[in-house]
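First comes the structure, then the notes that go with it.
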Amino acid sequence: MNDSQTETHQTSPATRADLDPNIDFDAVVVGAGFGGMYMLYKLRELGFTARVYEAASDVGGTWYWNRYPGARCDVPSLQYSYQFSEKLQQEWKWTERFSSQPEILRYANHVADRFHLRQDIQFHTRVESAVYNAADETWTVSTDAGDRVTARFCIMATGCLSARNTPDFPGLENFRGERFHTGNWPRDGVNFAGKRVGVVGTGSTGIQAIPVIAEQAAHLFVFQRTAQYSVPARNAPIDAEEEARIKADYKGYRERNTRQPFGLDLLSQMSTINTSEVGEEGRRHHYKGCWEHGGQALMLAYADTGTDKAANETVSDFLKEKIQSVVNDSKVAEVLTPDHIYACKRPCLDTNYFEVYNRPNVTLVDCRSTGIEDITPTGVIVDGSEHEVDCLVFATGFDAMTGALNNIDIRGKGNRALKDKWVDGPRSYLGLSSAGFPNFFTMTGPGSPSVLANMIPALEQHANWIGDCLEYMRTRDLRTIEATLEAEDPWQIQVLQVADATLWNACDNWYTGSNVPGKPRVFMPYVDWVGYVEICKDVVRDNYKGFALR
Ligand SMILES: Cc1cc2nc3c(=O)[nH]c(=O)nc-3n(C[C@H](O)[C@H](O)[C@H](O)COP(=O)(O)OP(=O)(O)OC[C@H]3O[C@@H](n4cnc5c(N)ncnc54)[C@H](O)[C@@H]3O)c2cc1C
């Protein structure tokens with residue numbers, strides 16, 4: 001189907017559900033980020049009726065909520081975008097190598113306008129429960145706006161990083177100043193001029209926000225529990241020649257990227273040789289080149305840095321030296337120097353992050369030994385000392401991958417709650433389906449590459465897989481599909497085995513849920529994007545092997 005036909009189709013929603021008196025819609029989709037938006041497009045394209053519920057007032061998901069200063073993607077813009085429409089990808093012009101949040105949100109809005117998506121999205125509506133009715137094989141979805149609708153399929157596009165995490169700091173409720181979470185930033189922005197600001201958290205978000213807030217605030221206190229590695233993004237205006245080259249064969253470019261680790265164009269920067277095959281001087285030269293290039297090149301500089309601790313040390317030592325050379329005060333540099341394996345926590349990209357600690361208006365507060373002991377009405381106590389602040393910014397991340405799902409009362413066969421099934425960690429087949437929950441899909445769910453892939457293509461891959469599955473069922477008059485336990489149990493083992501062959505599972509990070517107190521420690525994403533895409537194709541080729549279809 002070409003784009004113009006698609007668009008015509010998109011303006012005339014199908015009415016198939018009208019034929020089935022038991023349901024209001026063929027599918028309910030929860031969430032209108034990039035996942036939910038494309039899922040809706042795909043369903044409509046196939047002639048299914050759908051209703052999308054979204055808690056926010058508009059589309060964009062991550063990029064709607066995370067409006068904090070400095071927010072931007074760390075996947076190059078020409079790749080962090082949809083590929084389902086050739087016209088769309090040709091006509092949209094990104095201005096920077098790594099797009100800022102406002103630009104990504106403009107893009108999301110453009111897509112919603114261009115494909116008339118909003119007509120099937122109900123905003124300001126949080127889904128509270130989704131309950132499977134075995135008798136008529138439908139889902140009943142209830143919302144905080146009083147909706148109660150039925151659908152054959154229930155598709156969760158609720159986001160891997162949408163349930164905010166704010167640790168339960170003692171005294172938090174006593175703080176009299178303003179408080180912000182980077183994942184729910186005020187639409188009109190925040191004016192930090194003349195203010196003493198405290199930022200809690202130095203993960204990817206803190207690292208993006210801190211240099212920008214430091215420029216505005218009278219004084220900035222950074223409360224750091226864990227030091228991080230970070231590599232300069234080297235953000236810049238889009239290179240017109242590179243854009244023209246990619247756009248000359250965008251389709252081919254995307255296809256090639258699908259066959260690369262993380263679904264990213266990294267091949268040119270990837271090495272197939274091990275660190276030990278190169279002398280120290282050659283290695284350092286290569287690392288320096290990657291550093292100058294910026295972006296994620298260092299992560300794949302050698303074939304074994306992600307799998308072998310000694311190899312990893314060669315790159316982490318290089319990064320530690322960089323911190324020491326950038327930060328003037330050696331004591332501050334020491335506190336900023338991480339002691340974990342490079343890239344086993346989400347690799348961060350920055351613009352002037354370490355440089356910020358040379359500013360006279362920035363103080364680094366080391367929380368390693370005592371943590372945040374107390375929050376008073378006027379400040380934060382660490383190691384017995386109070387740091388007075390007018391406002392607090394929590395860059396404390398998310399209850400990743402399972403948080404948004406567990407916030408909904410999801411009940412499958414026998415009224416069993418998904419969160420009870422997942423009490424010891426998520427269990428799914430392919431991160432798409434969980435046994436006991438028929439006709440229920442999770443987009444980029446735990447057990448799929450998700451956050452260890454370029455996520456917009458990963459979401460498209462899931463939406464296409466789900467759409468094709470629904471079409472397969474329709475043409476064969478099948479009413480239900482669910483993962484079998486025989487497929488799900490070994491998949492869980494495979495997820496861990498693949499992770500354990502790398503260093504991703506070797507430290508505490510949000511991929512394992514370790515950032516959320518009480519969350520079971522289970523490695524959630526599937527590390528091998530390329531292998532995963534092939535497995536998904538094989539499952540379809542084998543008539544949905546691993547799924548029970550009726
Ligand atoms: C700061 C930041 C930077 C990132 N940068 C990158 C990057 O560079 N590259 C990359 O690949 N990925 C990045 N990500 C990951 C990003 O989340 C994904 O790329 C992508 O935007 C996820 O889209 P989604 O539709 O799956 O989820 P989301 O964008 O999170 O959308 C989910 C939506 O579901 C809604 N929702 C959740 N629960 C309910 C409910 N019960 N009822 C109704 N609505 C609900 C939420 O309000 C939200 O709008 C980043 C994430 C963050 C937070």
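Ligands are counted one by one from 1 in listed order, and the atoms in each one are counted from 1 as well.
Between W92 and H110, the ring-plane angle classifies as tilted under the 30° and 60° cut-offs. Ring orientation note: the planes of W185 and Y68 are nearly perpendicular, at an angle over 60° on the 30°/60° scale. Ring geometry for F192 against F180 counts as perpendicular: the plane angle is over 60°, on a 0 to 90° scale with 30° as the lower cut. Between Y532 and H462, the ring planes lie tilted relative to each other; the angle falls in the 30° to 60° range. In this pair, Y342 and Y229 present their aromatic rings perpendicular. The plane angle is above 60°, beyond the 30 to 60° band.
Distances below 4.0 Å separate heavy atoms of Y53 from the following atoms of ligand 1: 43 (C), 44 (N). Every atom of ligand 1 with a heavy atom of G35 under 4.0 Å away is listed here by number and element: 24 (P), 25 (O). Residue S162 has at least one heavy-atom neighbour below 4.0 Å for each of these atoms of ligand 1: 30 (O).
Relative to the six-membered ring of W63, R106 misses at least one condition, a distance below 6.0 Å or an angle of at most 45° to the axis.
The protein non-hydrogen atom at the shortest distance from atom 23 (O) of ligand 1 is L459 CD1, 3.5 Å. Taking atom 46 (C) of ligand 1 as the reference point, the nearest protein heavy-atom neighbour is E54 OE2, 3.5 Å. Of the protein's non-hydrogen atoms, the one nearest atom 27 (O) of ligand 1 is G159 CA, 3.1 Å. Nearest protein heavy-atom contact of atom 44 (N) of ligand 1 is A55 N, 3.1 Å. Here the protein heavy atom with the shortest distance to atom 10 (C) of ligand 1 is Y80 CE1, 3.3 Å. If you check which protein heavy atom lies closest to atom 15 (C) of ligand 1, you get M455 SD, 3.7 Å. Looking only at heavy atoms of the protein, atom 42 (N) of ligand 1 is closest to V127 N, 2.8 Å. The protein heavy-atom contact nearest to atom 51 (C) of ligand 1 is T62 CG2, 3.5 Å.
Residues W139 and F440 bring their aromatic ring centres within 6.0 Å. Taking the six-membered ring for Trp, W94 and Y107 have ring centres closer than 6.0 Å. The six-membered or imidazole ring of Y38 lies near that of F84, with a centre-to-centre distance under 6.0 Å.
Heavy-atom minimum distance, D120 versus A50: CB-O, 3.8 Å.
Residue M443 places no heavy atom under 4.0 Å from ligand 1. Residue A157 places a heavy atom less than 4.0 Å from ligand 1.
Only backbone heavy atoms of A453 (N, CA, C or O) come within less than 4.0 Å of ligand 1; its side chain stays farther off. Counting heavy atoms under 4.0 Å from ligand 1, residue Y68 touches it through the side chain alone.
Among D74, T205, T158, I456, the residue whose heavy atom lies nearest to atom 38 (N) of ligand 1 is T158.
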